[in-house]
Peer 1: 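Quick one: structure below, then a few questions.
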Amino acid sequence: FFFQAEDGIRDKLVTGVQTCALPISGWSEPYARQWPLRGIVAENGAVALSQRDAGLRKDWLQDEAERQANREVLQTAAADVLSRLPQARLARDSAGRETDIAIDHAEFAHLDAADIARVCAILRGHGLSVTVSSIHINAWVGDHHKWIGACWATQLWLNRDLDREIGHWVYVGDSANDEIMFQHCTHSVAVANIAPYWGQLRHFPRYVTVSQRGIGFAELAACLIELK
């Protein structure tokens, strides 16, 4: 459903950009090569991946020296979480992450609400920015996030000011870590599986699809194509 929807959007000359918490290796890199998107902003705004004639281009918000220093902070914070919560587990995609860490709370492991709150508190105690997605707790060094990454990438790739032309864009998300985008995007949409996280939000999407996940995205895409 997702690929069909994206192809339909692209055929209607609508630009697609994904901003996500996915790791660079194993997920975002192959998606950036294969999906009909202008590019992917991965790891909560830290890196922009785009397919060019010469191959995959990777641009960073932070330089190599800063990323190396941050990795040491992240490793220390992760070790602290795992030592203080024996039930906590690093996400299985951690090997592909370069600028953040991810603790699994609902993918292959399970943490209840109290454990999630405790993990977040420990990570923030190390000075990290923290968000909770539908499956992971993500943490990184820096003030960037999905909105900052999206603004940076649209300027980098398209020479367009996302903040000034936000009324021409639609954002779709599915969890609490999309709240920053719901806050800034005039036309914000959540797929139906946002429901379990609704009570955690302070900024809400303007619309919610009837369907969940990829089918919900296809539902939105069909509306956009019809309007176009």
Side-chain angles (χ1 to χ4, degrees), residues 1-61 93 96-99 133-136 145-163 165-175 177-178 180-182 184-194 205-228:
F1 293 102
F2 177 85
F3 289 112
Q4 292 172 359
E6 278 289 354
D7 281 332
I9 288 175
R10 181 177 59 178
D11 290 343
K12 291 294 183 178
L13 302 180
V14 176
T15 299
V17 174
Q18 182 187 29
T19 177
C20 62
L22 291 172
I24 296 169
S25 300
W27 290 96
S28 296
E29 287 181 340
Y31 289 169
R33 291 188 177 97
Q34 299 167 13
W35 286 3
L37 297 168
R38 184 59 186 84
I40 293 178
V41 186
E43 298 190 5
N44 287 290
V47 59
L49 304 164
S50 57
Q51 182 65 27
R52 304 295 176 89
D53 292 340
L56 189 67
R57 172 171 171 169
K58 190 185 300 185
D59 293 283
W60 304 90
L61 270 179
D93 62 16
R97 296 183 176 276
E98 299 185 31
T99 65
S133 77
S134 56
I135 56 174
H136 295 159
H145 43 59
K146 286 186 175 183
W147 170 247
I148 288 175
C151 290
W152 164 58
T154 51
Q155 184 66 48
L156 177 70
W157 294 331
L158 306 169
N159 195 30
R160 292 166 68 175
D161 187 330
L162 181 59
D163 193 24
E165 60 173 54
I166 194 60
H168 298 285
W169 291 80
V170 176
Y171 181 80
V172 56
D174 71 345
S175 69
N177 73 341
D178 293 300
I180 191 70
M181 300 300 288
F182 297 153
H184 286 280
C185 296
T186 306
H187 306 298
S188 60
V189 181
V191 291
N193 48 292
I194 191 73
R206 295 285 299 274
Y207 310 96
V208 178
T209 63
V210 174
S211 304
Q212 298 185 12
R213 299 180 175 86
I215 301 176
F217 181 82
E219 178 186 326
L220 169 64
C223 291
L224 294 177
I225 292 168
E226 183 177 350
L227 291 171
K228 185 69 175 181

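Because only heavy atoms are used, hydrogens play no part in the values below, and waters and symmetry mates are left out as well, while side chains stay in. Residue indices begin at 1 and follow the sequence shown.
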Peer 1: Mind listing the closest non-hydrogen atom pair of W157 and L49 along with its distance?
Peer 2: CZ2-O, 3.4 Å
Peer 1: I need the full list of salt bridge (Lys or Arg N to Asp or Glu O under 4.0 Å) pairs touching residues 146-157, with sequence neighbours left out, sorted by first then second residue.
Peer 2: K146-D178
Peer 1: Under 3.5 Å, is there a donor-acceptor pair between the side chain of E219 and the main chain of V210?
Peer 2: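 Such a contact is found between E219 side chain and V210 backbone.
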Peer 1: Partners of E98 by side chain to side chain contact (heavy atoms under 4.5 Å, CB included), sequence neighbours excluded?
Peer 2: I24, S25, E43, K58, W60
Peer 1: So, using ring-ring contact (aromatic ring centres under 6.0 Å, His included) as the criterion, who are the partners of H145 when residues are at least two apart?
Peer 2: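 Counting only residues at least two positions away or on another chain, H145 forms no ring-ring contact (aromatic ring centres under 6.0 Å, His included).
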Peer 1: Report the residues that fulfil side chain to side chain contact (heavy atoms under 4.5 Å, CB included) with N193, sequence neighbours left out, ordered by chain and then residue number.
Peer 2: D174, V191, Q212, R213
Peer 1: Taking ring-ring contact (aromatic ring centres under 6.0 Å, His included) as the test, write out the residues that go with W169, two or more places apart.
Peer 2: none
Peer 1: Does S175 have any side-chain hydrogen bond (donor to acceptor under 3.5 Å, both in side chains) partners at least two apart in sequence or in another chain, and if so, which?
Peer 2: N177
Peer 1: Nearest 0.5 angstrom please: D161 CG to Q155 CD, how far?
Peer 2: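 With rounding to 0.5 Å, CG (D161) is 6.5 Å from CD (Q155).
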Peer 1: So, taking the atom named CD1 in I40 and the one named CD in Q51, what distance separates them when rounded to the nearest 0.5 Å?
Peer 2: 10.5 Å
Peer 1: Answer yes or no: is there a donor N or O on one side and an acceptor on the other, between the side chain of S188 and the main chain of Y171, under 3.5 Å?
Peer 2: no
Peer 1: Restricting to side-chain hydrogen bond (donor to acceptor under 3.5 Å, both in side chains), what partner residues turn up for R33, sequence neighbours left out?
Peer 2: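 For R33, no residue satisfies side-chain hydrogen bond (donor to acceptor under 3.5 Å, both in side chains) once neighbours in sequence are set aside.
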Peer 1: So, for G216 and T209, which heavy atoms are closest and what is the spacing to 0.1 Å?
Peer 2: O-CG2, 3.4 Å
Peer 1: Looking at every non-hydrogen atom in both residues, tell me the closest pair between Q18 and L37 and how far apart they are.
Peer 2: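 Answer, listing the atom of Q18 first, then L37: CB-CD1, 3.9 Å.
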Peer 1: Going from CG on L61 to CG on N44, what distance comes out if it is rounded to the nearest 0.5 angstrom?
Peer 2: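 Nearest 0.5 Å value for the CG-CG distance: 11.5 Å.
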Peer 1: Is there a side-chain contact (heavy atoms from CB on, under 4.5 Å) between V170 and C185? Walk through the geometry before answering.
Peer 2: CA-CA 7 Å; V170 176; C185 296; over 6 Å; no
Peer 1: Just jot down the salt bridge (Lys or Arg N to Asp or Glu O under 4.0 Å) partners of R206, sequence neighbours excluded, or say none.
Peer 2: none
Peer 1: Taking the side chain as every heavy atom from C-beta outward, state whether T154 and E165 have any pair of such atoms under 4.5 Å apart.
Peer 2: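 No, every pair of side-chain atoms sits at 4.5 Å or beyond.
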Peer 1: With W27, which residues qualify under ring-ring contact (aromatic ring centres under 6.0 Å, His included), at least two apart?
Peer 2: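 W27: ring-ring contact (aromatic ring centres under 6.0 Å, His included) contacts with Y31.
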Peer 1: Determine the minimum heavy-atom distance between A153 and V41, stating which atoms define it.
Peer 2: CB-CG2, 3.4 Å
Peer 1: Kindly give the heavy-atom pair with the smallest separation between D93 and P23, and that separation in Å.
Peer 2: OD2-CD, 3.4 Å
Peer 1: Suppose we screen for side chain to side chain contact (heavy atoms under 4.5 Å, CB included). Which residues come up paired with R57, at least two apart in sequence or across chains?
Peer 2: S50, R52, D59, L156
Peer 1: Can you give me the closest heavy-atom contact between L56 and A32, atom names plus distance?
Peer 2: CD1-CB, 3.6 Å
Peer 1: Give the ring-plane orientation class for W147 versus H184, where under 30° counts as parallel, over 60° as perpendicular and anything between as tilted.
Peer 2: parallel
